[in-house]
Amino acid sequence: MPNIKEKAIRIILFFILGIFSGFLAKYVDTIPSNGAIGSLINIISNISSRIGIWVFIATIIAAWSRTPRAGAIHVFTFFAGMLLAYYIYSMKLFNFFPVYYFVRWGLIALISPMAAYAVWFSRGSGWFAALCAALPIGLLVSEGYNFLYTFSPVSGFYLIAAIILFCILPKNKYQYLKVLIFTILTSVLLSKFDVLSYIIGGL
């Protein structure tokens, strides 16, 4: 078991990773979308400005933490670093601090430890573990399924992210089936009732 010093180092590393991610997410927003490279960066900017990629990263951080409590702390410190870097960088660039967006994303960061705590169990066995795995996967599917008729690169990324999580979270073929059932239900419910628009509408 890690001692207090090792735990503190991990927390600091996730905070630094969050700072780097926030800085990078804002930096790609400032690059002109000219030419092939600019178009690619514009796609990256669109991906980083929506919640899907952060759900994907947070799921990986939480699921591979040593304990659910560690997963909750790691995810929260990651988001804290990311938001601080993103909005401080925005303020330095534009001399303006977008309070509305900071508060909305801040609220998401505050509830992220509870989601991370649950997601930690996603690599286990049984129906509860399957549900915990299906929640982030279903969210990504609900955001990315329209790639099948829009061919949007952003939606395509969400589908790829969902497939990656589906491949790495379940432990065996029986667990894959359980996760698949819950993923279908989750994605249908999120799409039908447009749940995300109530949570992150306007972001």
Side-chain angles (χ1 to χ4, degrees), residues 17-18 20-64 75 78-79 82-83 86 101 104-105 107-109 111-112 115-116 118-119 122-123 129-171 173 175-203:
L17 178 61
F20 174 78
S21 299
F23 176 84
L24 184 62
K26 188 59 188 178
Y27 176 72
V28 296
D29 282 347
T30 65
I31 300 176
S33 56
N34 299 322
I37 300 298
S39 297
L40 177 61
I41 292 175
N42 186 53
I43 292 172
I44 296 173
S45 175
N46 289 332
I47 291 173
S48 66
S49 64
R50 296 176 62 180
I51 197 170
I53 187 173
W54 307 114
V55 169
F56 176 68
I57 294 173
T59 299
I60 293 175
I61 292 174
W64 270 267
V75 168
F78 171 80
F79 279 130
M82 187 268 288
L83 289 176
Y86 186 93
Y101 293 102
R104 293 293 296 275
W105 280 109
L107 290 174
I108 292 173
I111 65 174
S112 68
V119 167
S122 63
R123 298 180 67 212
L131 175 62
C132 292
L135 291 175
I137 298 173
L139 184 149
L140 290 168
V141 171
S142 71
E143 289 290 286
Y145 78 94
N146 60 20
F147 173 78
L148 301 176
Y149 54 86
T150 65
F151 302 106
S152 163
V154 177
S155 299
F157 168 81
Y158 290 151
L159 282 185
I160 292 171
I163 292 170
I164 291 173
L165 291 182
F166 182 76
C167 290
I168 64 177
L169 290 178
K171 296 180 64 174
K173 60 183 179 181
Q175 196 66 13
Y176 278 114
L177 180 59
K178 295 172 185 176
V179 172
L180 179 62
I181 292 171
F182 276 130
T183 296
I184 293 172
L185 291 174
T186 301
S187 60
V188 169
L189 289 173
L190 288 174
S191 299
K192 183 176 180 59
F193 296 101
D194 201 16
V195 175
L196 284 183
S197 67
Y198 294 103
I199 300 173
I200 60 173
L203 295 180

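FYI, the numbering just counts along the sequence from 1.
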For [X], what residues pass the ring pair (Phe, Tyr, Trp, His ring centres under 6.0 Å) criterion, not counting sequence neighbours?
{"X": "Tyr27", "value": "none"}
{"X": "Phe182", "value": "Trp127"}
{"X": "Phe56", "value": "none"}

Handout entry: Spacing of CD1 belonging to Ile164 relative to OG1 belonging to Thr59, to within rounding of 0.5 Å
Key =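 So the gap between those two atoms works out to 12.0 Å.
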
Mind checking whether [X] and [Y] have side chains closer than 4.5 Å, heavy atoms only?
{"X": "Val119", "Y": "Leu135", "result": "no"}
{"X": "Ile137", "Y": "Leu169", "result": "yes"}
{"X": "Ile160", "Y": "Leu140", "result": "no"}
{"X": "Tyr86", "Y": "Asp29", "result": "yes"}

Exercise for the section: Say whether, by atom type as modelled, one donor and one acceptor occur between the side chain of Thr186 and the main chain of Thr183 under 3.5 angstrom. Expected result: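 Such a contact is absent between Thr186 side chain and Thr183 backbone.
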
Practice task
Please test Ile51 against Trp105 for side chain to side chain contact (heavy atoms under 4.5 Å, CB included), starting from the C-alpha separation and ending with a verdict.
Solution key: CA-CA 9 Å; Ile51 197 170; Trp105 280 109; 4.1 Å; yes

Could you pull out the closest heavy-atom pair between [X] and [Y], with the gap in Å?
{"X": "Cys132", "Y": "Ser122", "value": "C-CB, 3.8 Å"}
{"X": "Pro136", "Y": "Val55", "value": "CB-CG1, 3.8 Å"}
{"X": "Ser45", "Y": "Ser48", "value": "O-OG, 3.0 Å"}
{"X": "Val75", "Y": "Ala58", "value": "CG2-O, 3.6 Å"}
{"X": "Val141", "Y": "Ala162", "value": "CG2-CB, 3.7 Å"}
{"X": "Arg123", "Y": "Ala63", "value": "CD-O, 3.3 Å"}

With sequence neighbours left out, write down each residue that passes side-chain contact (heavy atoms from CB on, under 4.5 Å) with [X], or none if nothing qualifies.
{"X": "Phe147", "value": "Phe151, Ser155, Leu159"}
{"X": "Ser21", "value": "Leu17, Trp54, Phe78, Met82"}
{"X": "Ile184", "value": "Leu180, Val188"}

Practice task
Taking the six-membered ring for Trp and the full ring for Phe, Tyr or His, determine whether the centres of Tyr158 and Tyr145 are under 6.0 Å apart.
Solution key: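 No - the distance between ring centres of Tyr158 and Tyr145 does not fall below the 6.0 Å cut-off.
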
